Structure formats: C-alpha cells, structure tokens
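Both counts, for ligands and for their atoms, begin at 1 and track the order of listing. Please read all numbers here as calculations on a predicted model, not as lab measurements.
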Amino acid sequence: MSKRVLGLPRRSFLVGGGGALAALAASPWLRAADGRREYTLRAAPEPIQLLGGDRPATKVWAFNGAVPGPELRMKQGEPVRVTVENGLPEGTTVHWHGLRVPNAMDGVPDVTQKLIGPGESFVYEFTPPDAGTYWYHPHQRSHVQVGRGLFGPLIVEDKEPIAVDRDLTWILNDWRLNNAAENIDDFGNFDDRFHDGRLGNTIALNGRRPSPFTVRAGERIRLRLINAAIARIFALRFEDHAPQIIAYDGQAVKPHAPEKDRVILAPSQRVDLIIDMTGRPGQSFAVTDNFYVALEKEPAYKLLDIAYGVAPPIRENLRDDPIALAPNPIPEPDIANAQQLPIVFGGGALAHGMIAGAMTGGIDWNINGRSMYEQDHGQKSEPIYTLARNRSYMFRMTNGTSFYHPIHLHGHSFRVVAREQRLTTLPEWRDSVVMAPGERVDIAFVADNTGEWMFHCHILDHQAFGMMASIRVT
Ligand code: C2O
Ligand code: CU
C-alpha cells in the first residue's frame, strides 16, 4: 500500500455525563491505496482487568488487546478489507455474523477457508450489503475461543441515520470465573454440553461488570444490543421506560414494543432499541434480566441502573422524529411457492438431570438425525440440503429437544413466517431464531448466495457437540 490516511470513524460510544459504563475500544481504520477501509484484528492471549478494583487480571483471548474487540464501523455498500493475524497458540478464523458476504469470506475452517495457523494471517475482503448491527467471532472451537473473549461488534452505518441523541452499543456476555478471577477451564464439560450450555457467573457489558448507565432526561438513545454470550439468553426489562424495537439481527422491523415488556436476546441475536429517557433528573431505574426465572434455573438479577444526571431535561417535549429504519435490499421469498423442507433438532438431555439415551450413548445433538462436530476441524459432512440459487425455500423446523436453541443460518437473512403453525404478525427478518423446547418455527428465504453455508445452534456447546449442519446453494 502506498498512501494511507488515518480514518476518523464517527464515534459516540462513550457514555455522556462522565458515566462509568465501559466504553468500547476505538475502531481505527486506514484508507488503503485502492480506497477501501482497512482494519487489522490481532487475536492473542491478554491479561485483562475484568472485575476492577484490586482484583487480579483475567487471562483472556482478545482482539487487539481488548474484550470486546474494537467496534468495526463500516458503510453500507463500501468495500472493506480486514487482516486477521493469529497470535493464539492454535488455529482460528473470523466469521462476520449476520453479514451477507461471499462464501469465501465467511470464515468457516475447512469449508470456506483453511484455518489461520498460529503466526499466520488471512485477509478478508467484502462489501457489507446491509446496514445494521452485526458482530464478529472465530468459527473454530467457538465454545472455547468465543468463551475466552474473542468477539467484537460490527456496525454498518445507515445511509440516512435516524435522528437520535446518542447511538450506543451494548455487547453482552458472561464469564465463568473462580475466586482468583480466572476463566474456569472446564469448557465443554458434560453438564454444559447436554443442557443449557456454559452459563457464566459474571455478567459483562462491553467487557466489564455493568455499572450505572448515565443518561440525561429527555434524550433519545438508539441502543444496539448484541448477545455475544456463548450460551446465555437474556430477557431485559427497562423499568418504567418504553423501548421500541426497530431492528432484529440488523434488519429493520416495524417499530414496536417488546412482547410482555421483555427484550429477548438469545446468543448471537441483536436487537436495536429506541429509548426516550422519560425520567426526571436525579431518578434511577433498573434494567433487569429474568430469562431463567420462569425455567427455575436462576433468580432475576439487575443488569444495571439507568441513572439520570441532575442536568435539566435536554428538551421539553420528547423527540417525535420517525424511528423506522430503511429496509435492506434482501430478496423477498415467494412464500406461496416456496419449497418446504423439514428440519428436526434432536439430542441432549431429556431435561435437567435426565440423560436421553444414556444407555445407548445416543445423546449428541443433531439436525435431521445427523451430528456435525464443530471442534473437529477437518471433518467433512454432506450438506443436509442442496438449494437452487434464487429459489424460495421454507424450512419447517421442529425443536425436538428439552432446551432452547437459537438457530443461525450463514450467508442469508430469513423471514420468521410462522410459530406453532400460526403466521407471525411482523414477520421479522432474522439470521438467528430462538426456538423454545418442543416449538415449531417456519422460516423462509431466497437462496441467493452461492456456496456451502453453516446452519447451527448458537449455544456454542451445542454447536460443538453436534447441532450443526450445512446447506449448499448452487
Ligand atoms: Cu455467529 Cu456460525 O456463527
Ligand atoms: Cu442449542
């Protein structure tokens, strides 16, 4: 590269008013000679202060020395280049979760590229076709590599941003730490593997234990929520506030209030919210999570407080600018003529403490009766379906297990058209859809992206131990 100019990303991640909430690492990029924005991500072990105070640092694996990795901000329709350097003791890749990239850039070892060995690097080049909230993470031994801290946000800016006072990203994950602040090295243990996956004991927001989120009365915030946890599902409730959901998994949706006031966020899912700060100066409100309460697995807990500063309201009347996002250019499936394909998810324990098929050993997670194991790179598996390019398909999916599964398809976004055989009202675009135990969900999409695409559960223990398959588009 001859001439390189340091780019100046438009930034607004710092919480205003001296708020203590962790800010995301900067996202510097260079302008390459060919005009592309160019980023470098280096994956390497790193000691990081997760707990604050005088607690010991935790040895994590990080991109560019930070968890989460830097927020990569890109522009819709503008080509980028990302060089990934591997400073880890094992092979890795990076997958651009939710972005509809060409197959060779999708970051799946042995399927779309060779593993990036220790000391090696790989150059990814793509043009994000869609605006919205995405993220990146390795696709090799994901339950360990993501679980050790390798993940980061990726924002594709709208051509015409909606009017808000602040545009913020909250990327959530959890850690399983011991008293010495070490990430307990029991990844993929039997219990996690066949139940809910590795649920941590320490929640983190933008890589740190959450602290109060300082706001100013009257401001309007766009909050981009990303669930980068390897197994935890969140159900967030914003006390006395009325968030409007404007996007799922990066894709615009008709603005609406969350069902039963809970914003559900399963692993890998994103939800963009518009929140008007309707409290008064000096007030404080809780953001709580109660997902596992109904399942009697964990009590509810407070994620953080929304803390109003003492400054007078930023405006007397709330903003009334439109909040609907422009739709992305995704081809609309022809539902009436879509070819219907059955998909059944199986395996796992029957319920907590009850192992299905314990006598026969037949408990590995599977899709249509077949298990594909993510941790064994080099393994080959025939696609469960081969789809004709530009045809519409409907996957008629059944969760035949006792657990939740966020099911993710690479290379495409799909519409969630029915649940329990009843048409959905929105019906929203997604790249990951969460299925409750026993639930039936129908999704539809146009198979417009050529290649072999992974299709798997995003509870990464489930992905590692069999709940993965591929779909070929030719
Ligand atoms: Cu978030 Cu197959 O990936
Ligand atoms: Cu699963």
Inset, instruction - State whether H458 contributes an N/O/S atom found under 2.8 Å from the Cu ion (ligand 2). - result: no

Inset, instruction - Considering just N/O/S atoms, say which atom of H137 is closest to atom 1 (Cu) of ligand 1. - result: NE2

Inset, instruction - Could you tell me whether the side chain of T92 reaches within less than 4.5 Å of the side chain of L115, counting heavy atoms only? - result: no

Legend entry - Contact flag H410/atom 2 (Cu) of ligand 1, N/O/S atoms, threshold under 2.8 Å: yes

Inset, instruction - Can you label the angle between the W170 ring and the F213 ring as parallel, tilted or perpendicular, going by 30° and 60°? - result: perpendicular

Inset, instruction - From the options D106, D130, D249, D431, select the one residue that forms a salt bridge (Lys or Arg N to Asp or Glu O under 4.0 Å) with R100. - result: D130

Legend entry - Metal check, atom 2 (Cu) of ligand 1 vs H97 N/O/S, cut-off below 2.8 Å: no

Legend entry - Any side-chain heavy-atom pair of L273 and Q244 under 4.5 Å: no

Legend entry - Flag, side chain of R37 to backbone of R73, donor-acceptor distance under 3.5 Å: yes

Inset, instruction - Check whether any side-chain N or O of N449 sits under 3.5 Å from a backbone N or O of V101 as a donor-acceptor pair, and report yes or no. - result: yes

Legend entry - Atom name, H462 (N, O or S, nearest to the Cu ion (ligand 2)): ND1

Legend entry - Angle subtended at the Cu ion (ligand 2) by SG of C457 and ND1 of H405, nearest 10°: 130°

Legend entry - Residue H458, metal atom 2 (Cu) of ligand 1, N/O/S under 2.8 Å: no

